[in-house]
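For ligands, and for the atoms within them, numbers begin at 1 and follow the listed sequence. Excluded from the calculations below are hydrogen atoms, water molecules and symmetry mates; all remaining heavy atoms, backbone and side chain alike, are included.
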Amino acid sequence: MIPFNKPYLSGKETKYIEEAVRSGKISGNGGFTKKCQVFFEEKYAFKKCLLTTSCTDALEMAAILLDIAPGDEVILPSYTFVSTANAFVLRGAKLVFADSREDHPGINEASIEALVTTNTKAIVVVHYAGVACDMDTIMDIASRHNLFVVEDAAQAIDSYYKGKPLGGIGHLSAFSFHETKNIIAGEGGMLVINDERFIDRAEVIWEKGTNRSAFFRGEVDKYGWVDIGSSFLPSEVIAAFLYAQLEQLDDIQRKRKYIWDYYFNRLINVVEKLEVQLPAIPEFASNNAHMFYLVANDLFIRENLLARMREKEVHPVFHYLSLHKSPFYNTKHDGRVLNNADHYTDCLFRLPLFYELDDQMLSQVIEAIS
Ligand SMILES: *Cc1c(COP(=O)(O)O)cnc(C)c1O
């Protein structure tokens with residue numbers, strides 16, 4: 001049986017965890033947390049990074065930082081994970097769902113401007129499969145209407161838009177290190193603050209609403225409760241695990257791209273017969289090989305393919321159910337039809353993609369689908 005995912009260990013995770021434990025500092029914001037944050041700040045020139053316990057938490061921090069409040073509207077794709085939406089609903093925002101592009105599950109940038117009203121506060125984009133949204137167009141709409149942009153970069157580590165690293169373009173960005181992502185920590189995430197105005201307050205929200213970080217830097221002589229906040233920072237045990245993964249980032253990315261290219265090159269000649277479409281990568285986007293998905297021509301074809309592949313001991317999976325049709329939000333949605341999001345809900349499926357897939361397993365996957 002070839003599973004959909006298998007968490008990869010780079011080798012030093014337990015060694016670094018042992019170091020963290022022996023150091024006597026195992027709560028958050030210690031040595032390994034700083035090493036991870038500096039890794040991203042240096043490699044991708046992100047202005048300020050704060051590790052979080054999940055991408056979900058990083059998105060919640062973003063919603064707090066933007067002062068999202070009841071009456072505010074947030075534009076986001078319907079075809080995404082619940083956390084993209086929940087973070088803003090928790091602050092009382094009304095969600096305004098945008099459709100996906102026809103050639104890609106990411107937000108259709110051309111549909112955004114018509115959704116902007118005087119109540120709109122933010123645009124939240126999701127770089128689906130690690131493939132960039134059209135950020136120049138989106139940042140331009142945001143600046144003309146005075147809106148904030150949050151990148152849900154959960155899947156987008158080490159991926160680029162016109163050469164710029166994803167997560168470094170919007171005002172705020174959120175990454176995930178959940179065990180299904182390219183770089184993992186079990187559960188984990190990171191908030192990236194690209195707009196300097198948010199840096200000081202982000203640290204306060206991160207540390208339960210206290211100015212503890214400023215205190216430890218010697219900037220204030222006692223620390224106390226200065227704002228709302230929560231316990232958003234992970235322990236050093238998580239950060240130690242994550243650092244071991246980050247050290248192997250290039251190797252992990254090389255292997256994942258090999259697998260992605262293998263699938264693409266082997267499927268190019270059979271997709272027509274199978275009645276499925278290959279993934280499209282817009283010319284402005286890079287491919288970080290987070291995911292290899294196919295889009296069947298209809299739901300029946302997809303279900304048939306998934307069943308046949310499972311008979312052959314390969315485990316592909318479908319993905320999101322459009323949020324505008326979810327049991328929680330469908331009665332709150334404004335009724336617009338979102339055809340592309342619905343199409344991806346019905347027709348998209350993903351092939352196994354994890355480090356330990358070798359050529360023999362890959363050819364088994366190709367055989368099963370063919
Ligand atoms: C994985 C994922 C999340 C959630 O990440 P967690 O770290 O599990 O909270 C949010 N958004 C997208 C697009 C994701 O893929």
More than 12 heavy atoms of other groups within 6.0 Å of R217 CZ: yes
Geometric cation-pi criterion K332 and Y329, 6.0 Å radius, 45° cone: yes
S176 N/O to ligand 1 N/O under 3.5 Å: yes
Side chains of [X] and [Y]: do they bring a donor and an acceptor to under 3.5 Å?
X    : Y    : value
S235 : S27  : no
H178 : T180 : yes
S173 : E151 : yes

Sidechain N-carboxylate O distance under 4.0 Å for D136, K162: yes
Hey, which atoms in ligand 1 end up nearer than 4.0 Å to a heavy atom of [X]?
X    : value
T56  : 4 (C), 6 (P), 9 (O)
S54  : 7 (O), 9 (O)
G188 : 7 (O)
K181 : 1 (C), 2 (C), 14 (C), 15 (O)
C55  : 4 (C), 5 (O), 6 (P), 7 (O), 9 (O), 10 (C)
F81  : 3 (C), 4 (C), 10 (C), 11 (N), 12 (C)
H178 : 8 (O)
V126 : 13 (C)

Y79 to ligand 1, any heavy atom closer than 4.0 Å: no
Ligand 1-proximal atoms of F175, by part, heavy-atom distance under 4.0 Å: neither
Region of A154 engaging ligand 1 - heavy atom pairs below 4.0 Å: side chain
Expected output: side-chain D158 to main-chain P165 donor-acceptor under 3.5 Å: no
Shortest heavy-atom approach to atom 10 (C) of ligand 1 - which of D57, T180, D152: D152
Residue among C347, S322, S100 satisfying side chain to side chain contact (heavy atoms under 4.5 Å, CB included) with D342: S322
Distance from atom 15 (O) of ligand 1 to nearest protein heavy atom, with residue and atom: Q155 NE2, 2.8 Å
Atom pair CD/CG of E275 and N304 - distance to nearest 0.5 Å: 10.0 Å
